[in-house]
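All values derive from a computational prediction rather than experimental measurement. Just so we're on the same page: letters track the sequence lines, and every chain starts at 1.
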There are 2 protein chains.
Amino acid sequence: MEGDGRGMDEKTKSRQAPAPPSLQERPTLKTIAFMTGLGITTVSRALKDAPDIGAETKERVRLVAKQVGYQPNRAGVRLRTGKTNVISLVLSLEEEVMGLTSPIVVGISEVLAATPYHLVITPYRFAKDALAPVRYVLDTGAADGVIISRTEPKDARVELMMERNFPFATHGRTDMGLVHPYHDFDNQGFAYEAVRRLAKLGRKRITLLQPPPHLTFHRHMRNGFDEGIRDFGVEAVAFNAVDLDNSLAEIRAAFETMMRSDGAPDGIVSGSGAGSIALIAGLEAVGKKLNQDVDMVSKVPSDFLSWLRPEVITMNEDIRHAGRELARAVIGRIAGLPAEELQSLSQAL
Amino acid sequence: MEGDGRGMDEKTKSRQAPAPPSLQERPTLKTIAFMTGLGITTVSRALKDAPDIGAETKERVRLVAKQVGYQPNRAGVRLRTGKTNVISLVLSLEEEVMGLTSPIVVGISEVLAATPYHLVITPYRFAKDALAPVRYVLDTGAADGVIISRTEPKDARVELMMERNFPFATHGRTDMGLVHPYHDFDNQGFAYEAVRRLAKLGRKRITLLQPPPHLTFHRHMRNGFDEGIRDFGVEAVAFNAVDLDNSLAEIRAAFETMMRSDGAPDGIVSGSGAGSIALIAGLEAVGKKLNQDVDMVSKVPSDFLSWLRPEVITMNEDIRHAGRELARAVIGRIAGLPAEELQSLSQAL
DNA sequence: CAAGTGAACTGTATCGTTACAGATTTTCAG
DNA sequence: CTGAAAATCTGTAACGATACAGTTCACTTG
C-alpha cells in the first residue's frame, strides 16, 4: 500500500537536527536535502530553477533528484498551492450510445501523458444534473481544468466557469457572446456536403436525423442542411419525431413509420453512426434498399459502418483527435493563453 | 479558480487565538470549530463518530457541517493519511477497437458515484509497458486501488500488486495460483454454447476468431470451443493467422483468404463484435452468405450488430455490468473483504 | 475527603511542499 | 579597508487533516 503517508506517527524526533529520512521510503525534498547537504527550501527552489540558486547547486540537486527518482508528492503540492494537476472530464452516464466516450478519453490521455496532469472522470447521471459536477469541481477545487461536452447555446456550465474564471474547454460551441476554448466538428459543413452529395445522386426529397434541439450542434447541422437544401434545389422532409438522443429502437420505429408514409424521403442525412444503424434497419424493414430507393450519408466515428453497408456514404469525425484538441485547449487555458487561440474546428475526413 | 489553497500566505496571524476563518472561503474543520466553539480535533473526531465524543456534540457538529456544506479537503486527508480516495483504471491506449472502454468507465462511475472515490484514468501506450502504470501507482501512492484489464495467465501486474498487498481487481482471470478479486465473462461457456448452436444448425466445420494467445481468456474461449467440438462431433478449422487484436482490415483479409481455400469452414465463432464485422465483410467479399453458406455466432457488447445482420446469432456480454462489478470488487478489497468473495463470472445474456 | 476513574474535549506535531523573510558570504565601489 | 549591494542559501509558518498524548472536570470509592 503506502506512498504518501503512513497513517502512524513515528516516535517524535528531536526537533533541531532532523533525522535522516529513511531510505526505504519514497524520496521527498527532505531526502534530497539530506543527500546534498542543502536545505529543503533550497532543494525545492533548485528544482524549480529559481533565479536565486547557484547553477552548480541546481545541477547537483537535479542529478540527485533524478538518481533517487524523486517525484513531488501531489498531496503536498496540492495542499500548499491549490494546484491539483488534474483535468476533469465531465461525462453524462446517459449518453451511452455507441461509446463515443472511449476515443475522447484516449485522445485526452494521449496529450496528458506528456504532462503532469491526471485525467479524472466526473460523471453525472441525468441531463438536468449537468451543472452539479461542474459546481462540485469549482467548489472543491477538485481539478485545475474541466472538459465538458453536450454543449448548449446558452450553457449554464460555461457561464458559471467563465464567471469564476475557471479554465475549461467545451466539446462543441456556445452562442452567448462569450469567448472560450472549444473544439468542434464542423457539423454545418458536414450537413451541407451531405445534401450536396445526395442531390448529385439525383435525390430530391431529403431528410435529416438531427441532434436534440437543445444542443448547439443541432443548429449547426440544421443550418448546413437547410443551406444545402436551398443551394441544391432539393426538398427537405421533416423528421422531428425523434433525434439522436432517442434509443435506436425508437429511431428505427419512427423512421419505419416515415418510410411507409406518403411523403417518404429518398435521401437521408444521419448525424451519427449509431443512428444510421437504426435508420437502415427501419428502411430495410419496409423493403426499401440503399442506393436504389434511397441514398444515405452518415457521419461516423469509425469506418465499421462501411464494412457492413458500403452503400452508405460516410463522413468521418475523428473523435480521438477531438480529445487531443480539447486536452490541449484546457492546458493552454491553464497556462494562460488567450481563449481565442484555443478554438478549433475540424472537418470531416 | 481555487479551492484548496491560495498560493499566498495572508499576513501572519497571531499564534494563540486563531483568527476566525474567513467565511467567504471553503469551510474547513477550523470553520466548524469556530462556529461550534469546539476544538478542531473534536470536530474531526465528531465527524468520524469517534467514541470519545459526546452524542449531543456529534449531533451539533454534524448539523453545522451539513449547514456550511463541509467537505473534507482531499489534499489534507491524503497528505496526512495517505488515503487518496482514488481508483485508477489502467487502460491501454492501443486497445481502441470499438470502444469497449466507455461502458466499463460508465459502469465503474456508477458505483463510485455513491462513494467518496474518484476515477482516474491511467493510460499506457504499448503492451510492453503494461507494468509501468501499475508501478507508477504503487510507487507514488496515486490511488487506493487499481483496475486492470487484458489480464494474462501469468500476469506481472497481478504478481506485483499481490506482493505489495495493494488492492486491485482484474477484468479477466489469471492462472498463477494467486487468489485475487476479478470479474470475468464466461468465455468458455460462450464458446461452448456457440459451437452447440452451430452444430445444431447442421454446421460441421467450425472455426474460431480468438483472442490473442497471451491473454487468459484465449484459453477459456479455446477450451470452450474445443469441448464443444468434441461434444457435438464437429470439426475444428484452424484460424491462427490473426486474432482479435489484429486490425479489422487484417482480419478481413485473412478470413477472405481462408474462405477461398479448400477447407473453408461453414460455421464461425467470433470472440468480438468488431471482429465479426471484419469476418462478415471477408465472407461476403467471396460471395458467401450468412445462414446459407455459413452460420456465425458472435459475442457482442451491444445489439447493434443484430440490426444490420440479424442472421448472425449474437450473445451479449454486458460490459457496463463488468465495470460495476470491478468497482465493487476493488472497493471491497480496500475495505478488507477477502478476495474469495470478490470474484464474479457472468454469463452471456 | 483524597485519590482514582472515566467521559469529553483539546493542543501539538506531522504529512510534503512552498511563500516569505531572513541569514550568510562574496564581491566591489569608493 | 569599509560599507553596501549581490548572490546564495535557509528557517519558519502554513495549507487541512489526523494520531497521540494529554487536560479537565464531574463522579465514585474506600
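- Contact between B/G82 and B/D144 at its shortest, heavy atoms only, is O-OD1, 4.1 Å.
- Rounding to whole angstrom units, NZ of residue B/K83 and C1' of C/dC15 are separated by 17 Å.
- Rounding to whole angstrom units, CG of residue B/N85 and P of D/dT18 are separated by 11 Å.
- Straight-line distance from the CG atom of B/L79 to the P atom of D/dA19: 13 Å, rounded to whole Å.
- If you take CZ of A/R78 and C1' of C/dT18, they are 17 Å apart, rounded to a whole angstrom.
- Note: A/H171 and A/H183 have parallel aromatic rings, judged against thresholds of 30 and 60 degrees for the angle between ring planes.
- If you find the closest nucleotide of DNA chain D to A/I40 and to B/I40, the one lying nearer the 5' end belongs to A/I40.
- For B/T41, the listed nucleotide lying nearest its side chain is C/dG11; candidates were C/dG16, C/dG11, D/dA17.
- Looking at A/R164 and A/D139, a side-chain N of the basic residue comes within less than 4.0 Å of a carboxylate O on the acidic one, giving a salt bridge.
- Separating the CG atom of B/L29 from the P atom of C/dC9 is a distance of 16 Å, rounded to the nearest angstrom.
- Between B/K48 and the phosphate of D/dT18, there is a side-chain N or O to OP1/OP2 separation shorter than 4.0 Å.
- For A/Y136 and B/H118, the distance between ring centers is under 6.0 angstrom.
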- Message: Let's go through B/T122 and B/L89 carefully: what are the C-alpha distance in whole Å and the side-chain angles of both, what is the deciding distance for side chain to side chain contact (heavy atoms under 4.5 Å, CB included) to 0.1 Å, and is it a yes or a no?
- Response: CA-CA 6 Å; B/T122 308; B/L89 173 63; over 6 Å; no

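- Applying the salt bridge (charged side-chain N to carboxylate O under 4.0 Å, His left out) test to residues at least two apart or on different chains, the pairs with a partner in residues 108-120 of chain A are A/E110-A/R320, A/E110-A/R324.
- The salt bridge (charged side-chain N to carboxylate O under 4.0 Å, His left out) search around A/E341 returns none, not counting sequence neighbours.
- Partners of B/R333 according to the salt bridge (charged side-chain N to carboxylate O under 4.0 Å, His left out) rule, which considers only residues two or more places apart in sequence or in another chain, do not exist here.
- Among the heavy atoms of the strands lying under 4.0 Å from A/G39 are primed sugar atoms or P, OP1, OP2 only; no base atom is included.
- The salt bridge (charged side-chain N to carboxylate O under 4.0 Å, His left out) pairs that include a residue from residues 117-126 of chain A number zero, where partners must be two or more places apart or lie in different chains.
- Residue A/S44 places at least one side-chain N or O closer than 4.0 Å to OP1 or OP2 of C/dT18.
- End-to-end axis angle of the helix from C/dC1-D/dG30 to C/dG30-D/dC1, using five pairs per end and rounding to 10°, comes to 60°.
- Distance B/D49 CG to D/dT18 P: 14 Å, rounded to the nearest Å.
- Taking every heavy atom of residues 50-72 of chain A and every atom of DNA chain D, pairs under 4.0 Å involve A/D52, A/I53, A/G54, A/T57, by number.
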- Evaluate side chain to side chain contact (heavy atoms under 4.5 Å, CB included) for A/L160 paired with A/R135, printing each intermediate quantity in order. CA-CA 8 Å; A/L160 181 60; A/R135 237 189 246 293; 4.1 Å; yes

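- Nearest nucleotide to the side chain of A/R80, out of D/dT18, C/dG11, D/dC15: D/dC15.
- Put simply, CG on B/N73 is 16 Å from P on C/dG16, counting in whole angstrom units.
- Residue B/T42 has a polar side-chain atom (N or O) positioned under 4.0 Å from OP1 or OP2 of C/dT10.
- Protein atom CG of A/L47 is 12 Å distant from nucleotide atom C1' of C/dT18, rounded to whole Å.
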